[in-house]
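Okay, so here's the structure we're looking at.
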Amino acid sequence: MLDIGFIRDNVELVKEGMKNKGENDISAVDKAVEKDEEWRGLVTEIDQLRAESNTKAKQIGQLMGEGKKEEAQALIKETGESKGKIKELEKAVSEVRNELNELLYRIPNVPDASVPVGHSEEDNEVFSTWGEPDENEKLKPHWEIAEQNNWIDFERGVKVTGAGFPFYVGRMATLQRALINFFINEAISAGYTELQSPYFVNEDSARGTGQIPDKEDMMYEIQRDEFFLIPTAEVPVTNFHRDEILEEDDLPVLYTAYTPCWRREAGSYGKEVRGLNRLHQFDKVELVKIVHPEQSDKELESLREYAESLLQKLDLPYRTLLMCTGDMGFTQTKKYDLEVWSAGQKRWLEVSSCSNFGSFQARRMQLRFRNEKGKTEMLHTLNGSGLALPRIVAAILEKYQTEEGKVQVPKVLEPYMGEGFI
RNA sequence: GGAGAGAUGCCAGAGUGGUCGAAUGGGCUCGCCUGGAAAGCGAGUGUACCGUGAAAGCGGUACCGAGGGUUCGAAUCCCUCUCUCUCCGCCA
């Protein structure tokens, strides 16, 4: 969430950002400013009353100690009325604060000035492209190649769990494991610390990274134990330092983690989501950066460059999009999407999303550092996929396929699964 | 899953109704001492919010696992929850 002090000083900027992100109802901004004023008024009032009653309580204590029971008794009578008033105010303060927080949770992060204003994916800017998309009509989509080789068992996945939960069989399972290792090892070389995280998170964590409120429908939920299955490793990994104050010298903090990801993807079926294009469970190696506020712009660029380097090493053509305001999501200030070329489907598939969240997540998580003046300050968080597996697998199968229906092992994966064919 | 114990500041640990934001020790920071270091000595060392101020600061409030209650007054008493530890059971 945004700092209410920032909103107070930048009402128009926040409203404009909200509009540009496609939010029609921007009334939350004015309401929040009003609530904040109301809240501060109440706090001032209650603080005064408490100060008075604290003074009296101390006097009573003193009188009791001196044995002046009657004087004490008289004072006790006096305190009776302010006591009720304080109770009332306490209730009012917490109610108003809750209302204010609800409003704040509904106000999206302000897009960075460098982000193009737009309404939909049509307005995203192609930031760069790498490699030559192969338009060869003979190239088959990955599901055909997989079927020929008995590599992916969608039907048994349906039987055992449901649609969107495939089995990977034999060398396909090995390929996935190889990719995970390749991605993790690359990240470690780039300075990230590997983390193995829980696959379930509690409500506070989901709130910290912004899945709650409003986006809980994307997550699977274990109601009995009040857990959510992680939709991305971003959630547990970014929350790793929740409610902590880091030392400036320790920045930037870089983590990488491989986890499965679970997403309900409610209502999305059809040819767009055929094969590995969209699943309810998939594997991903995630990158998380916790950085000094002044460094986050720079860190976003290096995050994007790093993610791009993985596609280059796999020799998969891709393009990088700078997402427009309307297509970038609630919590981000700026976001790049990396899309790999699907040579069999003749379309671009999103395989990484690199985002800067500014202090938006950090504020929700109370994730701070101590600056050179010794004051605490909110950190900035970023994350990006490095990379998401299924679509990479799809792109590999389609690009590295041979006419006989075999698939060549990409050069960089040879150390992990041998030379030749998968 | 059953039985018991516990949760206090960066750490260890005291405090069982009043002057406690909290003893003491350690750590850390600064200063003195030293050729330098160690030891020693002295001072300081939480977070958040409200108000005020250009700022340093100053005034106030809250916080001793979380939430609620009793009381003029709660770290201290009561209730609920969470977590940790020990023993038993189960188990990769």
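Letters A, B, ... are given to chains in the order of the sequence lines, protein chains preceding strands, and every chain is numbered from 1.
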Should [N] form a Watson-Crick or G-U wobble pair with both distances under 3.5 Å, which nucleotide is its partner?
{"N": "B:C90", "value": "none"}
{"N": "B:G73", "value": "none"}
{"N": "B:G9", "value": "none"}
{"N": "B:G42", "value": "B:C30"}
{"N": "B:U16", "value": "none"}
{"N": "B:A22", "value": "none"}
{"N": "B:G59", "value": "B:C50"}
{"N": "B:G67", "value": "B:C79"}

Would you say [Y] and [X] are linked by a side-chain donor-acceptor pair, where the criterion is simply a distance under 3.5 Å?
{"X": "A:Q295", "Y": "A:K289", "result": "no"}
{"X": "A:Q312", "Y": "A:Y318", "result": "yes"}
{"X": "A:T238", "Y": "A:Q361", "result": "no"}

Roughly how many Å is it from [atom1] in [X] to [atom2] in [N], rounded to a whole number?
{"X": "A:F369", "N": "B:U47", "atom1": "CZ", "atom2": "P", "answer": "14 Å"}
{"X": "A:L42", "N": "B:C49", "atom1": "CG", "atom2": "P", "answer": "18 Å"}
{"X": "A:K375", "N": "B:U47", "atom1": "NZ", "atom2": "C1'", "answer": "13 Å"}
{"X": "A:K83", "N": "B:U70", "atom1": "NZ", "atom2": "C1'", "answer": "8 Å"}
{"X": "A:L246", "N": "B:U47", "atom1": "CG", "atom2": "P", "answer": "14 Å"}
{"X": "A:F227", "N": "B:U82", "atom1": "CZ", "atom2": "P", "answer": "11 Å"}
{"X": "A:D36", "N": "B:C50", "atom1": "CG", "atom2": "P", "answer": "8 Å"}
{"X": "A:E226", "N": "B:C81", "atom1": "CD", "atom2": "P", "answer": "13 Å"}

Rounded [atom1] spacing from [N] to [M] in Å:
{"N": "B:A43", "M": "B:C33", "atom1": "C1'", "answer": "15 Å"}
{"N": "B:A55", "M": "B:G73", "atom1": "P", "answer": "37 Å"}
{"N": "B:A75", "M": "B:U16", "atom1": "P", "answer": "13 Å"}
{"N": "B:A74", "M": "B:A62", "atom1": "P", "answer": "9 Å"}
{"N": "B:G25", "M": "B:A14", "atom1": "P", "answer": "15 Å"}
{"N": "B:U70", "M": "B:G17", "atom1": "C1'", "answer": "12 Å"}
{"N": "B:G27", "M": "B:C11", "atom1": "P", "answer": "16 Å"}
{"N": "B:A23", "M": "B:G15", "atom1": "P", "answer": "14 Å"}

Let's see if you can work this out: which of [options] has an atom nearest to the side-chain heavy atoms of [X]?
{"X": "A:T44", "options": "B:U47, B:G18, B:G51", "value": "B:G51"}
{"X": "A:R370", "options": "B:C50, B:U47, B:C72", "value": "B:U47"}
{"X": "A:A51", "options": "B:A48, B:U47, B:U61", "value": "B:U61"}
{"X": "A:W39", "options": "B:C72, B:C50, B:A56", "value": "B:C50"}
{"X": "A:A57", "options": "B:G46, B:G73, B:A48", "value": "B:G73"}

**OP:** Heavy atoms only: give me the nearest A:A146-A:L397 pair and the separation to one decimal.
**Re:**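 Where A:A146 meets A:L397 most closely, the heavy atoms are CB-CD1, 4.4 Å.
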Is the shortest side-chain N/O distance from [X] to OP1 or OP2 of [N] below 4.0 Å?
{"X": "A:N54", "N": "B:A62", "value": "yes"}
{"X": "A:S53", "N": "B:G73", "value": "no"}
{"X": "A:K87", "N": "B:G69", "value": "no"}
{"X": "A:R40", "N": "B:C49", "value": "no"}
{"X": "A:R368", "N": "B:A48", "value": "yes"}
{"X": "A:K58", "N": "B:C72", "value": "no"}

**OP:** On RNA chain B, check which nucleotide each of A:R97 and A:R50 is closest to and give me the residue with the more 5' one.
**Re:**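 Going by which nucleotide is closer to the 5' end, it is A:R97.
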**OP:** Between A:E52 and A:K56, just flag the one whose closest nucleotide in RNA chain B comes earlier from the 5' side.
**Re:**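 Result: A:E52.
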Backbone N/O of [Y] and side chain of [X]: donor-acceptor pair under 3.5 Å:
{"X": "A:K406", "Y": "A:G420", "result": "no"}
{"X": "A:N239", "Y": "A:S205", "result": "yes"}
{"X": "A:D30", "Y": "A:S27", "result": "no"}

Original post:
So A:F360 and A:F330, would you call those rings parallel, tilted or perpendicular, with 30° and 60° as cut-offs?
Top reply: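 Correct class here is perpendicular.
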Original post:
What nucleic acid atoms does A:L75 come within less than 4.0 Å of, heavy atoms only: base, sugar-phosphate, or nothing?
Top reply: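 No contact.
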